[in-house]
Structures are given as C-alpha cells and as structure tokens.
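For reference, the structure is listed below as structure tokens.
These values consider heavy atoms only, across backbone and side chains, with no hydrogens, waters or symmetry-generated copies. Start at 1 with the first residue, then count along the sequence. Start at 1 and go down the list; that is how both ligands and their atoms are numbered. What you are looking at is a predicted structure, and each value in this text was computed from that prediction instead of being measured.
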Amino acid sequence: MRRLVLATANAHKASEMRAVLSGLGFVIGQRPEGLGEVDEVEDTLQGNALLKARVVAAAAGATAVADDTGLFVDALDGRPGVYSARYAGPGASDAQNVARVLAELEDVAPDRRGAHFRTVIAVAEPDGSARWVEGVLEGRIAPAPRGAHGFGYDVVFIPRDLGGETLAELSAQEKNAISHRGLALRALAELLRT
Ligand code: IMP
C-alpha cells in the first residue's frame, strides 16, 4: 500500500482528506514531527499548494498532499484571492475578513457581485516532481452575512444554480456536494487512481 502524508496541520481538513484517500487504499502517514506550518509566500494558490506539498514530501520522504483555497471577487479584481485568510490583516478573524469584503462592495450592485472560490490540491514526491488538481465554485457575494454553518466567507457566498441560500445556510453534506474543496478532492481521487 502506498504511504501518503498530509501537509495540513488543520484537523478538520485532514479528516476530510483522510476519508477520500483511505477509500483509495492509501495509508496516511504522520506529518514529520517538528515541521512547522510552511509559510504561504507564493502569490498563486498553485504556487503555495506546490510549495507546501514539496516541503512536506522532502521532509517525510513520502508522497505529500497540500491544498490552498481563495475567494476571488470580480468587482475587486480577484481579491482577496490568495490572501483570503489574512485579508483584514495578519491574524484577522473570519468576521473581520468578511466585513472588509462587504465594505469594499458597499456600492456594488447585486448583478456586479460575482465571485468564485477556488481550491488547488497539489501532490508532490520526495524528488520534487508534482501534479495538481483544482475545484471551482461560482457564485456571488450577498449584501449581508446569513447562516450559521461552515466557516470563512460561507456566510456571504451564494452559489450559482441554487435557491439563493449562502453556503452557511447549507448542511455540510449539501456544501460538500457542490463546493470547490469537494470538487478538488474528487479530482484528487481521480488523479491518484490513475
Ligand atoms: P485555506 O487555504 O483553506 O486555509 O483557505 C484560505 C482562506 O479562505 C480561509 O481562511 C477561509 O477564510 C477561506 N476559505 C477557504 N475555504 C473556504 C470555504 O469553503 N468557505 C468559506 N471560506 C473559505
């Protein structure tokens, strides 16, 4: 059985990935002890996902998987994008990041509030070779936060083709069925199967 190490130290993300990967017969190895979070210094999601996967693969001597996600708002020229986690400043809370996006869109009409989430998942080998997949969810930014589920920008993101609910008004299952991360994880499963 192939061994695979997850770059993320985030328990929720790790359990989501573990579920997909163990279903494919991979043994999930321990992240090397003492290896801190890899700084996201690149200016693209692919760059950061590849960087994190390569650092962990080299340290673990095994195949490693890493992901990076961003919210891209059309009227903000794609911001917050790769800086989604810290849009309102270093260590910003989800509520502060959401408040900044809403403030910047204050005068933007409902039909100009298009946005998408994008997740990139990279798979790297100890020799530095790597591949990546992505998942995209199209939608728009709500005028105000709504809903109690999820995290991050879920309270203001209305997926296209649904009934107008925000992601935070959907159950975890409903969100996973359509989300950027769900799509990327299914693409990862397909990549690892081949
Ligand atoms: P990360 O790369 O998964 O750490 O995501 C970066 C930032 O994007 C997070 O801090 C969240 O604010 C936001 N984010 C990522 N995924 C989601 C999601 O599924 N819903 C809402 N916000 C998200």
No-hydrogen, no-angle side-chain donor-acceptor test under 3.5 Å, Glu104 and Tyr87: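 Indeed, the side chains of Glu104 and Tyr87 share at least one donor-acceptor pair under 3.5 Å.
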Residues forming a salt bridge (charged side-chain N to carboxylate O under 4.0 Å, His left out) with Glu125, sequence neighbours excluded: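 By the salt bridge (charged side-chain N to carboxylate O under 4.0 Å, His left out) rule, Glu125 matches Arg2.
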N/O separation below 3.5 Å, Asn97 to ligand 1: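 In this structure, Asn97 places no N or O atom under 3.5 Å from an N or O of ligand 1.
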Within 6.0 angstrom of Arg112 CZ, more than 12 heavy atoms from elsewhere: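 Counting neighbours around CZ of Arg112, 12 or fewer heavy atoms of other residues, nucleotides or ligands fall under 6.0 Å, so no.
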Under 3.5 Å donor-acceptor, Asp154 side chain and Phe151 backbone: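 Yes, the answer is positive, given that a donor and an acceptor are paired below the 3.5 Å cut-off.
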Asp68 side chain vs Val82 backbone, donor-acceptor pair below 3.5 Å: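 No, the answer is negative, given that no donor and acceptor are paired below the 3.5 Å cut-off.
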Ligand 1-proximal atoms of Phe151, by part, heavy-atom distance under 4.0 Å: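 Answer for Phe151: both.
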What atoms of ligand 1 come closer than 4.0 angstrom to any heavy atom of [X]?
X: Lys175; value: 18 (C), 19 (O), 20 (N)
X: His180; value: 16 (N), 17 (C), 18 (C), 19 (O)
X: Ser84; value: 7 (C), 8 (O)

Identify the closest protein heavy atom to [atom]: which residue and atom is it, and at what distance?
atom: atom 5 (O) of ligand 1; answer: Thr69 O, 3.6 Å
atom: atom 16 (N) of ligand 1; answer: Arg181 NH2, 2.7 Å
atom: atom 13 (C) of ligand 1; answer: Tyr153 CD1, 3.9 Å
atom: atom 20 (N) of ligand 1; answer: Asp154 OD1, 2.5 Å
atom: atom 1 (P) of ligand 1; answer: Lys13 NZ, 3.5 Å

Note: Glu190-Arg193 ion pair, threshold 4.0 Å (strictly below):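 Salt bridge: yes.
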Residue list, side-chain contact (heavy atoms from CB on, under 4.5 Å) with Val55, at least two apart or on another chain: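 Testing Val55 for side-chain contact (heavy atoms from CB on, under 4.5 Å), a comparison that skips the adjacent residues, returns Leu35, Val38, Leu51.
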